[in-house]
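Proteins get letters first, then strands, A, B, ... in listed order; numbering begins at 1 in each. Predicted, not measured: the structure shown is a model, and the values here were computed from it.
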Amino acid sequence: MKPTDQNPPEPRNFFQDVHEVARLIPRGRVSTYGAIAHYLGARHGARTVGYAMMAAHTADQFVPAHRVVNRLGHLTGRLHYATPFAMQEALEAEGIRVEEDRVVDFAKLFWDPSTELA
DNA sequence: CAACTGACCGACG
DNA sequence: ACGTCGGCCAGTT
């Protein structure tokens with residue numbers, strides 16, 4: 001085997017995995033950075049998940065990044081959209097109520113991959 | 001090429 | 001109860 005050719009079996013980056021999980025979030029439900037990180041085995045990787053969401057626009061396929069909020073149900077990523085309200089509007093279009101940049105009934109709408117995909 | 005930065009979260013004092 | 005710090009990854013300057 002040549003040292004230059006044979007590379008890691010799965011060049012699948014962490015970002016790639018995050019995007020894939022994000023696409024699994026059902027319409028009308030929301031998940032969190034920490035939950036996704038934990039599901040992928042990166043307990044301290046919540047931050048990285050956030051970075052992955054920011055890089056979501058570079059992904060090949062559409063990533064419903066608006067369904068990912070922080071652990072408080074707060075729309076932390078709203079400032080990264082075309083307009084500061086684009087994220088909220090996208091959520092409301094799915095039947096999710098948002099007040100004060102916060103998901104209403106977040107606890108009920110919370111979709112945890114570790115639980116749902118178990 | 002090396003350093004900086006950026007959608008977070010939990011632990012500790 | 002509040003402020004601070006460490007841990008994680010990849011793209012850009």
Side-chain angles (χ1 to χ4, degrees):
Chain A
M1 58 193 197
K2 290 188 285 192
T4 52
D5 284 348
Q6 287 291 348
N7 259 354
E10 287 287 324
R12 177 173 280 155
N13 292 338
F14 193 79
F15 280 29
Q16 200 77 16
D17 287 336
V18 172
H19 293 164
E20 193 170 331
V21 175
R23 282 198 288 268
L24 296 177
I25 303 174
R27 195 177 194 283
R29 301 290 296 279
V30 294
S31 193
T32 70
Y33 305 99
I36 294 173
H38 190 268
Y39 173 70
L40 294 176
R43 187 174 166 280
H44 290 283
R47 195 177 194 177
T48 313
V49 172
Y51 302 156
M53 285 297 130
M54 176 173 135
H57 76 101
T58 63
D60 293 332
Q61 301 197 16
F62 172 72
V63 179
H66 60 277
R67 295 178 193 150
V68 182
V69 298
N70 74 353
R71 71 184 175 101
L72 304 173
H74 214 259
L75 277 55
T76 52
R78 77 192 164 119
L79 296 175
H80 288 266
Y81 286 79
T83 74
F85 283 92
M87 187 174 185
Q88 173 171 345
E89 288 170 4
L91 289 171
E92 290 178 335
E94 300 184 354
I96 298 175
R97 293 246 319 292
V98 177
E99 285 178 14
E100 314 254 326
D101 298 334
R102 181 178 54 83
V103 174
V104 179
D105 286 334
F106 167 69
K108 293 185 199 165
L109 299 174
F110 177 51
W111 184 86
D112 186 355
S114 303
T115 303
E116 305 288 342
L117 300 179

Residue-phosphate contact under 4.0 Å: A:Asn13 side-chain N/O, C:dA10 OP1/OP2: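 For C:dA10, OP1/OP2 do have a side-chain N/O of A:Asn13 under 4.0 Å.
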
Return no unless some side-chain N or O of A:Arg47 is found under 4.0 Å from OP1 or OP2 of B:dG10.
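Answer is no, no contact under 4.0 Å.
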
I need the [atom1]-[atom2] distance between [X] and [N], as an integer number of Å.
X	N	atom1	atom2	answer
A:Met54	B:dC8	CE	C1'	14 Å
A:His57	C:dA10	NE2	P	16 Å
A:His80	C:dG11	NE2	P	17 Å
A:Asp17	C:dA10	CG	P	10 Å
A:Leu79	B:dC8	CG	P	10 Å
A:His44	C:dC5	NE2	C1'	12 Å
A:Tyr33	B:dC9	OH	C1'	12 Å
A:Phe15	C:dG11	CZ	P	7 Å

**OP:** For the pair A:Thr48 and A:Tyr33, evaluate side-chain hydrogen bond (donor to acceptor under 3.5 Å, both in side chains) and give the outcome as yes or no after the intermediate values.
**Re:** CA-CA 9 Å; A:Thr48 313; A:Tyr33 305 99; over 6 Å; no

- [ ] Step by step, work out the side chain to side chain contact (heavy atoms under 4.5 Å, CB included) result for A:Val30 and A:Trp111.
- [x] CA-CA 6 Å; A:Val30 294; A:Trp111 184 86; over 6 Å; no

| Using a cut-off of 4.0 Å on non-hydrogen atoms, how would the nucleic acid contact of A:Ala65 be classed: base, sugar-phosphate, or nothing? |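 Contact class for A:Ala65: base.
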
Output field dot_bracket for DNA chain B (Watson-Crick or G-U, both distances under 3.5 Å, | for other-strand pairs) contains .|||||.||||||

Say we look at B:dC1 and C:dC9: how far apart would their P atoms be, to the nearest angstrom?
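One P to the other, the span is 22 Å.
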
- [ ] For side chain to side chain contact (heavy atoms under 4.5 Å, CB included), just list the numbers for A:Phe62 and A:Arg23, CA-CA rounded to whole Å, side-chain angles, deciding distance to a tenth of an Å, and then say yes or no.
- [x] CA-CA 8 Å; A:Phe62 172 72; A:Arg23 282 198 288 268; 5.9 Å; no

Assess whether a salt bridge exists between A:Arg29 and A:Glu94, defined as any Lys/Arg side-chain N lying under 4.0 Å from an Asp/Glu carboxylate O.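 A:Glu94 and A:Arg29: not salt-bridged.
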
Could you point out which residue of A:Val69, A:Leu79, A:Val68 forms a side-chain contact (heavy atoms from CB on, under 4.5 Å) with A:Met87?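 So, applying the side-chain contact (heavy atoms from CB on, under 4.5 Å) to A:Met87 and each of A:Val69, A:Leu79, A:Val68, only A:Val69 qualifies.
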
TODO: Please tell me which of A:Tyr51 and A:Gly34 maps to the more 5' nucleotide of DNA chain B, matching each residue to the nucleotide holding its nearest heavy atom.
DONE: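 Here A:Tyr51 is the residue nearer the 5' end.
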
Exercise for the section: Check every atom of B:dC9, B:dA11, C:dA10 against the side chain of A:Arg43 and return the nucleotide holding the closest atom. Expected result: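 Among B:dC9, B:dA11, C:dA10, the one nearest the side chain of A:Arg43 is B:dA11.
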
**Request:** Compare the minimum distances between each of B:dG6, B:dC9, C:dC9 and the side chain of A:Phe14, then state the nucleotide with the smallest one.
**Result:**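 Given the options B:dG6, B:dC9, C:dC9, the side chain of A:Phe14 is closest to C:dC9.
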
- Joint cluster assignment, A:Ile25 & A:Leu91, ILVMFWY side-chain distance < 4.5 Å: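 As far as the 4.5 Å side-chain criterion goes, A:Leu91 and A:Ile25 are not connected within one cluster.
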
- Do A:Thr48 and C:dC8 have a side chain to base donor-acceptor pair shorter than 3.5 Å?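 Side chain to base: pair present.
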
Would you say the side-chain atoms of A:Gln16 and A:Glu20 include a donor-acceptor pair closer than 3.5 Å?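 The criterion, which ignores hydrogens and geometry beyond distance, is not satisfied for A:Glu20 and A:Gln16.
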
